[in-house]
J.: 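Below you'll find the structure I mean.
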Amino acid sequence: MALISCPECGKEISDKVRACPHCGYPLLENSQTESSQKVEVTSVNLGPKDPAKTKKAAIFLTVAIVIIAGIAAAAFGLKKHNEAVARAEYISNLSLARTTMLSGGADAEGLCNLTKSVWYNTIYEKSDSTTNQYTQTNGRFNDDFNESLNALYLDTDTLKIIDEIEQNQVSVAAIMKELQNPPDDLYTCYTTIDAMYEVYQSFTKLAVSPSGSFKTFSENFNAYDNDFMMYYQKLETQIPDE
């Protein structure tokens, strides 16, 4: 508490009293008025914002928006580019798988045809310049067709063909792994190449390791051969020209 002089009588009084105890001069209202005036003055002193600073802030915000938009556009463009590259690579692998399987399928077809001829000519004792070296021993037909087939599959040329087929199987398997996650618009191509691959596996296995009777071998060979070419030709119409 501090002592002040009464504005009316000049005597010392407390600054907390509502009115002068000597002359009755009211003091509280003046104090409130002065406080209000001080508050108003303080408010007025804040003043308006600096236009230059406001303009700089707006420019900064605009530049930031442009930069962010540019980064987003660049990221989107890069994504589209990567998708296009991946799609082109997938189409290339589709064609590669198709032609690689055709090479292995052709070797399998040739070996199956030769196996079928050796098998048939032994059973029916049919002489043929291509099969006589397998079906005959010392100028006489073998009594057991298994003897003829063993001679065929131990032949150096046959072993070379089998090795080529097995290498082809490895190559095709590696390419098929790359085709497991097709783009949405190439899913139909994938289902066709996958079905072709299933037939290819059965076809090449039959060629490398024939089994069953002559009848079942011939039936399986014909079925695999026909189905394989069906899928090969079907895929030709499905792969985009890109």
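Quick caveat: nothing in here was measured; it's all calculated off a predicted structure.
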J.: With Glu109, which residues qualify under side-chain contact (heavy atoms from CB on, under 4.5 Å), at least two apart?
T.: Asn113, Phe203, Phe221, Asp225
J.: Closest approach of Pro210 and Phe217, non-hydrogen atoms and distance?
T.: CB-CE1, 3.6 Å
J.: Side chains of Thr137 and Asn142 only: does a donor on one sit below 3.5 Å from an acceptor on the other?
T.: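 Short answer, yes.
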J.: Could you give all pairs that pass the salt bridge (charged side-chain N to carboxylate O under 4.0 Å, His left out) test and reach residues 198-213, with sequence neighbours left out?
T.: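 Sorted pair list comes back empty.
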J.: By the rule that ILVMFWY residues connect when side-chain heavy atoms come within less than 4.5 angstrom, directly or transitively, which residues belong alongside Leu61?
T.: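 Result for Leu61 is Ile65.
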J.: I'd like to know if Phe141 and Val118 are part of one continuous hydrophobic network [Ile/Leu/Val/Met/Phe/Trp/Tyr, side-chain heavy atoms within less than 4.5 Å].
T.: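 Shared cluster, no.
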J.: List for me each residue that meets salt bridge (Lys or Arg N to Asp or Glu O under 4.0 Å) alongside Glu219, sequence neighbours excluded, and say none if there are none.
T.: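 Glu219: salt bridge (Lys or Arg N to Asp or Glu O under 4.0 Å) contacts with Lys215.
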J.: Sequence neighbours left out, what passes side-chain contact (heavy atoms from CB on, under 4.5 Å) with Asn222? Give chain and number order.
T.: Lys116
J.: Can you name the residues that form a side-chain contact (heavy atoms from CB on, under 4.5 Å) with Asp143, not counting sequence neighbours?
T.: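 Asp143 satisfies side-chain contact (heavy atoms from CB on, under 4.5 Å) with no residue once adjacent residues are dropped.
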J.: Got a sec, which residues hit salt bridge (Lys or Arg N to Asp or Glu O under 4.0 Å) with Glu236, two or more places apart in sequence or on another chain?
T.: Arg98
J.: Going by the rule side-chain contact (heavy atoms from CB on, under 4.5 Å), which residues pair with Tyr124 if we only count those two or more places apart in sequence or in a different chain?
T.: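 Applying side-chain contact (heavy atoms from CB on, under 4.5 Å) to Tyr124 gives Tyr120.
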J.: Using the side chain to side chain donor-acceptor pair (under 3.5 Å) rule, collect all pairs that involve residues 170-182, keeping only residues at least two apart or in two chains.
T.: none
J.: Does anything in residues 146-155 pair up under salt bridge (charged side-chain N to carboxylate O under 4.0 Å, His left out), and if so which pairs, sequence neighbours excluded?
T.: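 As it turns out, there is no salt bridge (charged side-chain N to carboxylate O under 4.0 Å, His left out) pair with a partner in residues 146-155 once direct neighbours are skipped.
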J.: Crowded around Gln238 CD? As in, over 12 foreign heavy atoms under 6.0 Å?
T.: yes
J.: If you look only at pairs with a residue in residues 184-197, which of them pass as a salt bridge (charged side-chain N to carboxylate O under 4.0 Å, His left out), with sequence neighbours excluded?
T.: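 Listed once each, the pairs are Arg87-Asp185.
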J.: Give the table of side-chain donor-acceptor pairs shorter than 3.5 Å for residues 158-165, with sequence neighbours excluded, one pair per line with atom names and distance.
T.:
unit_1	atom_1	unit_2	atom_2	d
Thr158	OG1	Leu152	O	2.7
Asp163	OD2	Gln167	NE2	2.7

J.: Judged by modelled atom types alone, do Thr100 and Ser103 share a side-chain donor-acceptor pair under 3.5 Å?
T.: no
J.: In terms of relative ring orientation, are Tyr232 and Phe228 parallel, tilted or perpendicular, with 30° and 60° separating the classes?
T.: parallel
